[in-house]
Amino acid sequence: MQEEKENPNLHYWGNASEEDHYKSHGVKGSTSFYTSPRGLSLFTRSWLPLSNPPPHRGIIFMIHGYGNDISWTFQSTPIFLAQMGFACFALDLEGHGRSEGLRAFVPNVDAVVQDCLSFFNSIKQDPQYHGLPCFLFGESMGGAICLLIHFADPKGFDGAILVAPMCKISDNVKPRWPIPQVLMFVANFMPTLPIVPTADLVAKSVKVEEKVIIAEKNPMRYRGKPRLGTVLELLRVTDQLSQQLSKVSIPFIVLHGSADVVTDPNVSKALYEEAKSEDKTIKIYDGMMHSLLFGETDENIEIVCKDILSWLEERCKG
């Protein structure tokens with residue numbers, strides 16, 4: 001691939017093999033493919049504590065954001081959580097990363113929710129994880145999918161970690177009138193057309209300039225314009241979600257940067273205020289942008305990771 005030729009490093013951490021990188025962090029990683037009930041081949045990863053047998057404290061089911069995948073910088077968070085004793089699992093969503101589907105085309109988010117639920121339930125059935133608390137983790141679009149999974153299976157998970165969740169698409173990245181009306185009309189005939197005008201999301205998400213370069217070099221990142229059908233589906237789902245925040249009952253922590261212009265921190269505040277969850281926490285980080293767990297300074301990322309870990313540990317006691 002052209003991107004790989006231009007990239008001096010095999011991985012975002014350098015040229016060390018995945019196995020050596022994981023081992024140096026006390027983590028065991030694995031990859032596989034999972035066939036969803038609708039027949040899609042989905043790429044999956046796991047990150048587990050290296051000790052044998054590993055002292056699992058809980059299971060974390062993780063969902064990436066739009067245009068992203070689970071094989072590049074996304075890995076830094078599950079590696080950290082596995083170091084802390086959590087068994088982490090994730091999959092590339094339809095049309096993303098190494099999973100089947102037209103690149104970045106998500107025509108039906110409800111079907112994606114069922115894909116995730118099926119994969120996560122298959123992990124839960126493994127005897128070594130029986131009795132462990134199960135948590136959802138989602139970044140951006142993945143945060144919205146976590147809430148939809150919760151609606152589909154209200155008792156299936158013990159909590160959710162929502163990082164800059166896309167409960168509503170920020171007006172800062174939406175195309176202006178009359179473009180949406182024109183696009184909606186064209187989408188009826190050509191939903192896969194990649195013509196939606198948007199700003200570069202990496203530049204709007206990542207604060208540290210050196211990390212923008214790393215994010216750009218992800219060989220699996222979708223670089224084209226958003227497809228009409230995907231944008232309309234995300235607008236539908238986020239509009240639906242923003243009107244159903246009061247139905248959220250799962251324990252959750254929502255984390256958002258005050259300077260996020262991709263997803264709206266005010267909607268996260270509304271989620272916190274309106275959700276009927278008895279156990280809910282919100283963290284708004286002053287001046288931080290959309291990519292809280294990679295794009296910020298290392299010091300800021302450490303703050304966010306500590307908040308996530310503290311929240312998890314409080315709910316895994318005993």
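Computed from a prediction, not measured in an experiment: that's the story for all the values here.
- One distance of note links CG of D260 with CE of M288; it measures 12.0 Å at 0.5 Å rounding.
- For the 3.5 Å distance criterion, the side chains of S30 and R45 fail to qualify, holding no donor opposite an acceptor.
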task = Go through the steps for L292 and Y285 under the test side-chain contact (heavy atoms from CB on, under 4.5 Å), then give the verdict.
result = CA-CA 9 Å; L292 289 176; Y285 302 100; 4.3 Å; yes

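- Using a 4.0 Å cut-off between charged nitrogen and carboxylate oxygen, E313 and R57 count as a salt-bridge pair.
- Judged by distance alone, with hydrogens and angles left aside, the side-chain atoms of T230 form a donor-acceptor pair with the main-chain N or O of A104 at under 3.5 Å.
- Each of P78, C316, P133 was evaluated against F86; a single residue qualifies, C316, per the side-chain contact (heavy atoms from CB on, under 4.5 Å) test.
- At least one donor-acceptor pair closer than 3.5 Å links the side chain of R223 to the backbone N or O of E216.
- Here CG of N121 is found 7.5 Å from CZ of F61. Values are rounded to the nearest 0.5 Å.
- Using a 3.5 Å distance cut-off with no hydrogens or angles, the side chains of Q75 and Y22 do pair a donor with an acceptor.
- The hydrophobic cluster containing V206, built from Ile/Leu/Val/Met/Phe/Trp/Tyr side-chain heavy atoms closer than 4.5 Å, also comprises V202, V212.
- Placement of F135 and M84 within a single hydrophobic cluster is found when ILVMFWY residues are connected by side-chain heavy-atom separations under 4.5 Å, directly or transitively.
- In the displayed structure, K211 atom NZ is contacted under 6.0 Å by more than 12 heavy atoms of other residues, nucleotides or ligands.
- When hydrophobic clusters are built by joining Ile, Leu, Val, Met, Phe, Trp and Tyr residues whose side-chain heavy atoms come closer than 4.5 Å, directly or via intermediates, F105 is not grouped with L93.
- Salt bridge R315/D158: absent, no basic N to carboxylate O contact under 4.0 Å.
- A salt bridge links R38 with E94: the distance from a Lys NZ or Arg NE/NH1/NH2 to an Asp or Glu carboxylate oxygen falls below 4.0 Å.
- Applying the side-chain hydrogen bond (donor to acceptor under 3.5 Å, both in side chains) test between Y34 and each of S118, S99, S41 identifies S118 as the sole match.
- Hydrophobic clustering keeps M289 apart from L162 (ILVMFWY residues linked when any side-chain heavy atoms are closer than 4.5 Å, directly or through intermediates).
- A distance-only check finds a donor-acceptor pair linking the side chain of W13 to the backbone of A16 [under 3.5 Å].
- Shown are K124, H130, Q128; of these, the side-chain hydrogen bond (donor to acceptor under 3.5 Å, both in side chains) with D126 is made only by Q128.
- Remark: the H256 side chain and the S268 side chain contain an N/O donor-acceptor pair separated by less than 3.5 Å.
- With hydrogens and angles disregarded, no donor-acceptor distance shorter than 3.5 Å links the side chain of T35 to the backbone of G39.
- No donor-acceptor pair closer than 3.5 Å links the side chain of E139 to the backbone N or O of I63.
- If you check the side chains of Q243 and D239, you find a donor sitting under 3.5 Å from an acceptor.
- Considering only residues two or more places apart in sequence or on other chains, V113 meets the side-chain contact (heavy atoms from CB on, under 4.5 Å) condition with V109, I145, L148, I149, A152.
- To the nearest 0.5 Å, atom CZ of residue F137 and atom CG of residue L81 are 7.0 Å apart.
- Under 4.0 Å is where a charged nitrogen must lie from a carboxylate oxygen, and between K306 and E302 at least one such pair does.
- A salt bridge links D110 and R236; the closest N-O separation between the charged side-chain nitrogens and carboxylate oxygens is under 4.0 Å.
- Contact check for N300 versus K207: side-chain heavy atoms found under the 4.5 Å cut-off.
- Remark: K217 is not positioned above the aromatic ring of Y12, lacking an NZ or CZ atom under 6.0 angstrom from the ring centre and at most 45 degrees off the axis.
- When L271, I161, L136, D279 are each tested for a side-chain contact (heavy atoms from CB on, under 4.5 Å) with F252, only one passes: L271.
- Between the side chains of T281 and Y272, not a single donor N or O lies within less than 3.5 Å of an accepting N or O.
- I301 and V304 end up in different hydrophobic clusters when Ile, Leu, Val, Met, Phe, Trp and Tyr side chains are linked at under 4.5 Å.
- A distance-only check finds no donor-acceptor pair linking the side chain of H25 to the backbone of Q83 [under 3.5 Å].
- Between the T44 side chain and the A90 main chain, no donor and acceptor come within less than 3.5 Å of each other.
- Put simply, CG on L91 and CD1 on I70 are 6.5 Å apart, with the number rounded to the nearest 0.5 Å.
- Using modelled atom types, one finds a donor on one side chain and an acceptor on the other under 3.5 Å when comparing D20 with S17.
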